[in-house]
Protein chains: 2
Amino acid sequence: MTSGTGSGPPTIVSIAERAGVSIASVSRVLNGLSARRDTEEKVRKAAAELGYVPNSVARSLKGGRTRQLTFAMPDIGNPVYVAMVREIQAVAKAAGYRLLLHSTDAVTEDELAVVRSLAERTSDGLIICPIRITPQHVEAIAHATAPVVVIGSPPPDAALDCVQADSVSGAQKAVWHLADTGRRRIAFINGPLDTVPGRNRDEGYRKGLADHGLGYDPELTAATDFAVTAGAAAAHELLDRRPDLDAIFCANDQLALGAAQTLHARGMRVPEDVAVAGMDDTLLARAAWPPLTSVDLGSAERGRIAAELLLERLREAAEAPAERTNSTSSTSSTDDTDVPPPAPRRTTAEPRLVVRESTVPARSV
Amino acid sequence: MTSGTGSGPPTIVSIAERAGVSIASVSRVLNGLSARRDTEEKVRKAAAELGYVPNSVARSLKGGRTRQLTFAMPDIGNPVYVAMVREIQAVAKAAGYRLLLHSTDAVTEDELAVVRSLAERTSDGLIICPIRITPQHVEAIAHATAPVVVIGSPPPDAALDCVQADSVSGAQKAVWHLADTGRRRIAFINGPLDTVPGRNRDEGYRKGLADHGLGYDPELTAATDFAVTAGAAAAHELLDRRPDLDAIFCANDQLALGAAQTLHARGMRVPEDVAVAGMDDTLLARAAWPPLTSVDLGSAERGRIAAELLLERLREAAEAPAERTNSTSSTSSTDDTDVPPPAPRRTTAEPRLVVRESTVPARSV
DNA sequence: GTGAAAGCGCTAACAA
DNA sequence: TTGTTAGCGCTTTCAC
């Protein structure tokens with residue numbers, strides 16, 4: 001009963017009617033395909049007059065692509081992830097993709113749901129940053145219906161595209177720096193040891209000490225939550241136990257901030273009495289007093305790399321959609337979903353030490 | 001040539017074939033409509049075996065809704081916007097909507113493009129947080145093809161849904177607090193005066209002083225950029241000019257952080273010698289040493305309110321799609337796009353002073 | 001170069 | 001209750 005004109009937003013049908021051509025011609029002109037001069041003019045004129053804007057949903061349905069990417073991260077309040085979002089958004093935008101954001105609150109079930117929801121074809125690809133990577137994650141990602149890039153460190157045998165941080169050598173670098181600047185009793189406030197980051201940073205700390213011939217002393221270490229108050233409390237503990245410590249290395253900036261606050265509260269000078277270093281190089285590091293030396297584990301870089309890798313996978317998929325070639329023509333037993341996957345790529349972002357005044361006194365402010 | 005089975009992801013057609021029913025029955029069962037017991041079972045079984053997941057794009061095309069919301073903000077690196085994103089994401093998720101993120105870098109052209117892109121029907125509604133609201137913004141938003149909620153303060157005559165901050169009374173509250181705690185020479189480091197926030201904060205500062213019988217002294221004020229280093233520099237200037245000042249109120253936390261750093265660098269104690277207060281109550285405020293008193297202008301709250309308002313508009317639009325009723329049946333002159341708009345709603349988030357140790361010495365730490 | 005027509009996967013009106 | 005059918009708006013053969 002709809003006449004096609006006057007109801008709802010303009011479509012190619014409205015344009016076709018107004019221009020007196022077929023919808024096919026409209027489509028062609030609008031997509032820059034060849035058309036006779038006057039056809040093109042009529043169509044463009046009608047489209048302009050009607051204020052036509054193509055319906056992206058219809059386009060997606062036809063084309064099988066949404067031009068949307070999804071990024072799923074644990075917590076948008078965390079500056080580390082914000083840095084990733086920022087880069088991903090920029091890369092996506094530049095490539096003509098929109099960015100869909102998911103906050104999983106680090107709940108495994110949520111993360112898995114996001115991966116599975118790729119089957120809804122709401123987005124063309126996913127970048128996911130899980131807090132821990134379980135076998136279920138690996139399984140779900142391996143069977144995902146669209147390209148997935150993981151920001152994190154899956155088990156070595158997992159065949160996934162991923163972008164890792166190297167927190168081992170990151171921690172190591174921080175310890176080197178502290179040792180290089182004359183510190184000898186370097187304490188370490190770590191996060192939970194039952195997490196991958198926790199274990200890695202511990203390893204880096206030990207390596208760093210060993211590299212400089214410094215012994216590992218359990219009394220100089222603490223493991224707690226990744227939070228400012230936890231850092232403050234841990235620092236108190238350490239100082240009570242070992243008042244002679246001359247540096248505190250922390251597994252992230254928030255812990256470092258807490259440690260620095262404790263030092264202030266106890267009337268100790270940073271860095272003269274005790275040097276403090278953190279990790280992640282968030283805006284907190286720059287904001288602290290004194291500004292914190294910190295190890296940039298490359299959040300921004302990982303975000304960028306992940307996005308670029310994902311885009312590459314999408315390009316590949318677009319160029320080689322001939323997955324089912326060479327199979328028996330129309331036998332009903334085609335249930336297998338085995339597709340030769342492109343060799344998974346593992347990239348690692350190189351950590352970068354950013355030296356500020358919490359470890360090296362400023363010459364001039 | 002496609003048989004419907006075995007190629008590509010399962011669709012209702014594959015299910016129908018496998019279950020030996022029509023696609024309509026499949027659709028019904030899958031949407032929870034009534035069906036005979038065994039039909040339902042057959043369908044569910046087939047769907048499960050095939051690992052069927054509905055294609056959201058096709059659904060959107062049919063239903064005219066994408067179940068996506070867009071949030072456009074100037075800079076995802078800014079904690080104020082991060083707080084908004086967080087809340088918006090939560091509200092959207094709870095209501096079954098996905099969140100599309102746009103970073104406009106505060107470029108007006110980009111902002112307008114986002115509003116106009118609503119015509120592509122990629123998302124059902126938009127929350128936009130423009131840095132300045134121009135007449136073009138008002139115009140574009142008024143003619144948008146989907147509901148838009150503005151976070152910010154459009155001109156009073158603009159008929160837009162919006163959620164405002166009250167930075168005037170926020171600044172005022174901060175000054176009150178400083179005066180109440182005995183400060184008399186309260187300096188003010190503001191952002192650029194040619195922005196709405198800048199002007200409002202200045203107004204609040206003056207009002208606050210007046211309320212307490214304190215005179216306005218231009219020598220005690222500075223206007224600069226919203227950045228840590230700018231705050232530090234401005235504080236130096238103020239202290240050179242007026243070494244007797246006993247408080248510095250700053251138009252945001254970054255400026256306050258910079259001011260605090262300058263005070264430390266000059267060997268002055270916070271808050272004993274000079275109290276410092278900021279605005280926005282970002283995580284920087286809590287991270288600073290001492291922790292900064294700050295005025296929470298309700299970023300999180302504004303985000304939440306905006307999202308809820310937008311959802312309400314969407315509900316209204318869904319319930320009353322009878323815009324074209326009572327018009328002449330099929331006259332061709334139905335070009336007008338005048339639709340009686342629901343009365344625009346203006347909400348204001350109440351500022352909240354958060355007192356910390358940068359203005360009031362801690363009793364015990 | 002252009003138009004008619006066939007879908008993309010789904011929902012909903014209408015018949016049976 | 002169930003099946004047939006007509007679209008949602010678009011792109012893309014395939015004839016003409």
Side-chain angles (χ1 to χ4, degrees), chain A residues 1-5 7-43 46-47 50-67 119-122 124 145 318 321, chain B residues 1-5 7-43 46-47 50-67 119-122 124 145 318 321:
Chain A
M1 209 102 327
T2 347
S3 76
T5 309
S7 47
T11 70
I12 50 169
V13 174
S14 349
I15 299 181
E17 285 176 355
R18 191 179 189 103
V21 300
S22 75
I23 61 168
S25 290
V26 175
S27 177
R28 275 186 221 108
V29 170
L30 263 25
N31 288 308
L33 300 183
S34 66
R36 212 192 305 136
R37 187 58 181 272
D38 67 317
T39 307
E40 163 148 14
E41 274 171 10
K42 279 187 291 183
V43 170
L50 256 27
Y52 172 79
V53 178
N55 180 322
S56 65
V57 177
R59 255 198 188 156
S60 295
L61 181 58
K62 184 98 260 266
R65 303 180 324 158
T66 56
R67 306 226 58 118
E120 294 170 8
R121 317 229 92 101
T122 291
D124 297 343
T145 54
Chain B
M1 210 98 333
T2 347
S3 75
T5 308
S7 49
T11 69
I12 51 169
V13 174
S14 350
I15 299 181
E17 285 176 355
R18 190 179 189 103
V21 298
S22 75
I23 60 165
S25 290
V26 175
S27 177
R28 277 185 218 109
V29 170
L30 264 24
N31 287 309
L33 299 183
S34 68
R36 212 194 304 137
R37 187 58 180 275
D38 66 314
T39 307
E40 162 146 16
E41 275 170 9
K42 280 188 290 185
V43 170
L50 256 29
Y52 171 79
V53 177
N55 180 321
S56 66
V57 178
R59 258 202 186 151
S60 295
L61 180 58
K62 184 94 259 262
R65 302 180 322 158
T66 56
R67 306 226 57 118
E120 295 169 7
R121 316 228 95 100
T122 290
D124 297 342
T145 54

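Below, read A as the first sequence line, B as the second, and so on, with proteins coming before strands; counting in each chain starts at 1. Hydrogens, waters and symmetry mates play no part in the numbers below; they use all other heavy atoms, side chains included.
- Here the C1' atom of nucleotide C/dA12 and the CG atom of B/Asn31 are 10 Å apart, to the nearest Å.
- Residues satisfying the side chain to side chain contact (heavy atoms under 4.5 Å, CB included) criterion with B/Leu61, sequence neighbours excluded, are A/Val57, A/Ala58, A/Leu61.
- With sequence neighbours left out, B/Thr145 forms a side-chain hydrogen bond (donor to acceptor under 3.5 Å, both in side chains) with no residue at all.
- Judged as a side chain to side chain contact (heavy atoms under 4.5 Å, CB included), and not counting sequence neighbours, the contacts of A/Ser27 are A/Asn31.
- Within residues 52-60 of chain B, no residue places a heavy atom under 4.0 Å from DNA chain D.
- For A/Ser60, there are no side-chain hydrogen bond (donor to acceptor under 3.5 Å, both in side chains) partners two or more places apart in sequence or in a different chain.
- Each end of the helix from C/dG1-D/dC16 to C/dA16-D/dT1 gets its own axis, taken as the rotation carrying the C1' atoms of four end pairs onto the next four within a five-pair window, and the two axes meet at 50° to the nearest 10 degrees.
- As a whole-Å value, the separation of A/Glu41 CD from C/dT2 C1' is 17 Å.
- Contact record, B/Thr66 with B/Thr122: OG1-O, 3.3 Å, taken as the closest heavy-atom pair.
- Looking at residues two or more places apart in sequence or on another chain, you find a side chain to side chain contact (heavy atoms under 4.5 Å, CB included) between A/Ala35 and A/Val29.
- Taking the side-chain hydrogen bond (donor to acceptor under 3.5 Å, both in side chains) definition, one finds that B/Thr39 meets it with nothing, sequence neighbours left out.
- Distance, A/Leu33 CG to C/dG3 P: 14 Å, rounded to whole Å.
- Distance from the side chain of A/Thr11 is smallest for D/dC10 among the nucleotides D/dT11, D/dC10, C/dT2.
- Every pair tested for salt bridge (Lys or Arg N to Asp or Glu O under 4.0 Å) that includes a residue from residues 19-35 of chain B fails, sequence neighbours excluded, so the list is empty.
- Residues passing the side-chain hydrogen bond (donor to acceptor under 3.5 Å, both in side chains) test with A/Asn55, sequence neighbours excluded: none.
- Between the P atom of D/dG7 and the CD1 atom of A/Ile12 lies a distance of 15 Å, rounded to the nearest Å.
- Distance B/Leu30 CG to C/dT11 P: 8 Å, rounded to the nearest Å.
- For B/Glu120, there are no salt bridge (Lys or Arg N to Asp or Glu O under 4.0 Å) partners two or more places apart in sequence or in a different chain.
- Rounded to whole Å, atom C1' of C/dT2 lies 11 Å from atom NZ of A/Lys42.
- We find that CG of B/Leu50 is positioned 13 Å from P of C/dG9, with the value rounded to whole Å.
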Please list each protein N or O that sits under 3.5 Å from an N or O in nucleotides 3-6 of chain D, with the distance.
residue	atom	partner	partner atom	Å
D/dG3	OP2	B/Ser22	N	3.1
D/dG3	OP2	B/Ser22	OG	3.1
D/dG3	OP2	B/Ser25	OG	2.6
D/dG3	N7	B/Arg28	NH2	2.9
D/dG3	O6	B/Arg28	NH2	2.5

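- Atom CZ in A/Arg65 sits about 16 Å away from atom P in C/dG9, given to the nearest Å.
- Within the 4.5 Å cutoff, the side chain of B/Pro9 has heavy atoms near those of the A/Arg121 side chain.
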